[in-house]
Amino acid sequence: MNALNKKTIEDIDVKGKRVLARCDFNVPLKDGEITNDKRIVAALPTIKYLMKNGAKVILCSHLGRPKGEYKPEFSLAPVAKKLSEYLGTEVKLAEDAEVVGANAKAMAAELKDGEVMLLENVRYRAEETKNEANFSKELASLADVFVNDAFGTAHRAHCSTTGVAAYLPAVCGYLIQKEIEFMGGALANPKRPLVAILGGAKVSDKIGVISNLIDKCDTIIIGGGMAYTFMKYLGHSIGTSLLEADWIEKAGQMMKDAEAKGVKFLIPIDNKVGKEYDENTEAMIVNSDEIPDGWMGLDIGPASQKLFVDAIKGAGTVIWNGPMGVSEWKNFEGGTVAVANAVAESGAISIIGGGDSVAAVTKLGFADKMSHISTGGGASLEFLEGKELPGIAALQDK
């Protein structure tokens, strides 16, 4: 998939046309109030471009998992309200339990150039997640053009992400364009050296990513819970640290593959270990081959921090997915903080993908120092694995 040559909203004429734009408004709600509106803010450049260029804008998104039936607590009403505030104009919600109903059809027919409306939660329809043609056709019947700007669901083949593209000319918005440029560029033609930092709990979650990156990277850094499976392969005793016993051989094979290709493959040489999985557990620093029985690794140690930081210093491009330890705990965030700081100061093109690392750099205050923070956890992982994302594959080529 050459994602880099997909048409964007700037490649088509939208004036006077009804444009169905798939956004990611899957925001967290508490008592009907939005607690974090980052995803809404991220969609604004595309919406404002369409308005300014005279499109009749019909927005759609999912929210939560209503499982194919109308449930008022999953309504996009709070999103319509928030969008109206940001855009300075009323964004009407078409209140149809069946999404494309009488209200939506009437509202879409009456839209004037530059006006915006919002459909109800597309997952009120059971067909949405099954990508069934009847619902794709209903969505398409409202519009002349389809714009996908929901990178967070680009790895899902649903009616509102790929199905509708079979019936309308389909292009991407600014958000997906930015994801493709940064992540696609980093994989296809990176500024070298390319350093990948992979953390998180499980090797099994990242196996595809590591395999794909061994062919592309100069250095791979492994931290987090998954590092202990690699240590186990080296014959270290790892106490009660996280271990995926079924993946020990595969982990070893990756280290061999990296070596054969001249890729530096770094795993922690020391660890901050705790007596139990608890924020306030008794803790100490030990070398990777000296974790005592009954103790578990919860973060990388100071020598590993130095090793990793030195490897990041000269990087041209850094891809980072997953924290180095239990970064949500003050006692075990040191490794993640050190890495975030090194990435921020490296001057490299820095791409942060995946939920936990995004949460970590945001919480630690490094977000504005990163070149690109991906908006899609699962989608960014699959992109880094080299998989074709259906929501991008369905778009027209330039």
Side-chain angles (χ1 to χ4, degrees), residues 195-211 213-214 217 219-259 263-309 311-312 319-340 354-357 359-360 381 384:
V195 176
I197 309 162
L198 300 166
K202 294 180 171 174
V203 184
S204 51
D205 290 346
K206 304 280 163 83
I207 215 102
V209 179
I210 300 171
S211 302
L213 292 179
I214 284 173
C217 283
T219 301
I220 292 178
I221 294 173
I222 303 283
M226 68 188 214
Y228 300 98
T229 300
F230 290 92
M231 290 178 208
K232 189 75 178 172
Y233 169 77
L234 295 176
H236 299 342
S237 71
I238 59 167
T240 52
S241 305
L242 267 179
L243 173 68
E244 287 182 283
D246 300 352
W247 293 90
I248 295 171
E249 283 312 307
K250 185 73 182 154
Q253 190 54 52
M254 290 184 165
M255 295 176 87
K256 287 180 196 154
D257 292 348
E259 192 181 356
V263 175
K264 268 196 212 146
F265 199 97
L266 305 178
I267 66 170
I269 51 177
D270 66 342
N271 309 270
K272 190 170 185 183
V273 297
K275 201 82 175 137
E276 51 208 48
Y277 190 76
D278 182 293
E279 181 163 11
N280 303 307
T281 184
E282 184 189 341
M284 61 180 180
I285 307 290
V286 294
N287 288 338
S288 289
D289 54 357
E290 293 172 354
I291 298 176
D293 291 348
W295 291 71
M296 63 178 72
L298 296 170
D299 194 8
I300 60 172
S304 303
Q305 289 180 24
K306 185 176 183 323
L307 177 73
F308 292 0
V309 166
I312 294 163
I319 297 171
W320 182 12
N321 185 295
M324 297 293 100
V326 191
S327 60
E328 59 271 30
W329 291 347
K330 200 87 186 128
N331 274 343
F332 299 99
E333 68 175 16
T336 305
V337 173
V339 165
D356 289 345
S357 27
L381 266 183
L384 294 175

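Worth knowing before you read on, the calculation uses all heavy atoms, side chains too, and leaves out hydrogens, waters and symmetry mates. Computed from a predicted structure; not experimentally measured.
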Hey, is the main chain of [Y] close enough, under 3.5 Å, to the side chain of [X] for a donor-acceptor pair?
X: S327; Y: A360; answer: no
X: S304; Y: I269; answer: yes
X: W247; Y: E249; answer: no
X: K206; Y: A201; answer: no
X: T229; Y: L243; answer: no
X: N331; Y: N280; answer: no
X: T281; Y: D278; answer: no
X: E244; Y: V203; answer: yes
X: K202; Y: M226; answer: no

Work out which heavy atom in [X] is nearest to a heavy atom in [Y]; give both atom names and the distance.
X: D299; Y: Y228; value: O-OH, 3.9 Å
X: A338; Y: V309; value: O-CG2, 3.8 Å
X: A258; Y: F265; value: CB-CD1, 3.6 Å
X: I214; Y: M254; value: CD1-O, 3.6 Å
X: T336; Y: P323; value: OG1-CB, 3.7 Å
X: A196; Y: L213; value: CB-CD1, 3.7 Å

Side chains of [X] and [Y]: does their closest heavy-atom pair fall under 4.5 Å?
X: S288; Y: I267; answer: no
X: F230; Y: H236; answer: no
X: I220; Y: I222; answer: yes
X: I197; Y: V339; answer: yes
X: I312; Y: I221; answer: yes
X: N271; Y: N287; answer: no
X: L266; Y: T219; answer: yes
X: V286; Y: D270; answer: no

Rounded at 0.5 Å granularity, tell me how far [atom1] in [X] sits from [atom2] in [Y].
X: S211; Y: Q253; atom1: OG; atom2: CD; result: 10.0 Å
X: I291; Y: S241; atom1: CD1; atom2: OG; result: 4.0 Å
X: I248; Y: M231; atom1: CD1; atom2: CE; result: 13.0 Å
X: E290; Y: M284; atom1: CD; atom2: CE; result: 10.0 Å
X: I319; Y: C217; atom1: CD1; atom2: SG; result: 5.5 Å
X: I300; Y: I285; atom1: CD1; atom2: CD1; result: 10.0 Å

Check this for me, if you would: do K256 and E259 make a salt bridge, where the nitrogen-to-carboxylate-oxygen distance has to be below 4.0 angstrom?
no
